[in-house]
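Working notes for the structure below.
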Amino acid sequence: IEPKKLIAVVNAFAITTSEFLNHFCTEAHNKLSQVNHQIEKIEALTAVLEYKLNSIPAEQLAPPPKPVEPGQPAQEEEQQPAKEAVPDNLKKYVRMVEVGVPRPAVRHKMAADGEDSSLLDKYLPPEV
């Protein structure tokens, strides 16, 4: 191949490749900016939810005691395993589930905060 043609082909390849990479970088930057904006919105909503959750008194979160019907024995509560005391670092996550936040969202928040999300099942009844 003649050197001039070889140089022309290599230059055309370099130009095409650099144009492709520039376009790819621009598109990737735009998409990452959109994702970053969505994450910021979710973080803001999470902060608002946590603030509202922390403003609810604990007495309102506890379920009311179930009335015992005349035909049922009162020993049902004894058959259920005793609920362990929730550690202080997990109380806010348990409250989130009790208020109605979906468990996957609570698990994600726990992971983001550096907590072990598997501990959630230990202190809550199984999902229905």
Side-chain angles (χ1 to χ4, degrees):
I1 300 177
E2 294 179 26
K4 287 184 179 182
K5 287 185 179 180
L6 181 63
I7 291 173
V9 170
V10 169
N11 283 342
F13 174 76
I15 290 170
T16 304
T17 303
S18 64
E19 287 174 351
F20 168 77
L21 290 175
N22 285 337
H23 178 72
F24 178 80
C25 287
T26 303
E27 290 295 318
H29 177 74
N30 291 339
K31 289 183 180 185
L32 286 173
S33 295
Q34 290 174 351
V35 169
N36 185 42
H37 181 68
Q38 291 173 343
I39 289 172
E40 288 173 354
K41 286 170 63 176
I42 290 171
E43 286 176 346
L45 290 173
T46 303
V48 169
L49 177 63
E50 286 178 351
Y51 176 77
K52 287 182 178 182
L53 183 62
N54 290 333
S55 68
I56 299 173
E59 298 84 35
Q60 289 181 351
L61 295 177
K66 295 180 182 178
V68 178
E69 294 182 18
Q72 291 183 341
Q75 297 176 352
E76 282 186 16
E77 293 179 12
E78 294 175 10
Q79 293 174 353
Q80 295 177 351
K83 191 174 183 181
E84 294 183 39
V86 180
D88 290 338
N89 62 330
L90 299 178
K91 283 184 180 178
K92 76 175 184 177
Y93 306 111
V94 171
R95 280 180 59 182
M96 288 172 77
V97 172
E98 289 172 347
V99 169
V101 178
R103 284 189 191 206
V106 175
R107 289 183 194 283
H108 180 71
K109 176 65 177 159
M110 289 178 75
D113 291 346
E115 298 289 344
D116 183 11
S117 62
S118 65
L119 294 175
L120 192 62
D121 295 329
K122 184 176 180 181
Y123 300 103
L124 290 171
E127 291 184 86
V128 181

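Index from 1, following the sequence.
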Which atoms form the tightest heavy-atom contact between Arg95 and Asn54, and what is the distance?
-> NH2-CA, 3.7 Å
Just how far is it from atom NZ of Lys109 to atom NZ of Lys92, taken to the nearest 0.5 Å?
-> 5.0 Å
Answer yes or no: is there a side-chain heavy-atom contact under 4.5 Å between Ile7 and Asn11?
-> yes
Interatomic distance, Asp116 atom CG to Asn89 atom CG [nearest 0.5 angstrom] = 10.5 Å
Taking atom CD1 of Ile1 as the centre, does the number of heavy atoms from other residues, nucleotides or ligands within less than 6.0 Å exceed 12?
-> no
Interatomic distance, CD@Glu40 vs CG@Leu45, rounded to 0.5 Å, equals 12.0 Å
Quick one: OG on Ser117 to CZ on Arg103, what's the gap to the nearest 0.5 Å?
-> 12.0 Å
Heavy-atom side-chain contact between Leu120 and Leu90 under 4.5 Å = no
Output yes when a side-chain donor or acceptor of Asp113 lies under 3.5 Å from a complementary backbone atom of Glu115, and no otherwise.
-> no
Drop me the distance from Ile39's CD1 to Gln34's CD, to the nearest 0.5 angstrom.
-> 12.0 Å
Atom pair CD1 (Ile42) and CD (Gln38), whose distance is rounded to the nearest 0.5 Å = 7.0 Å
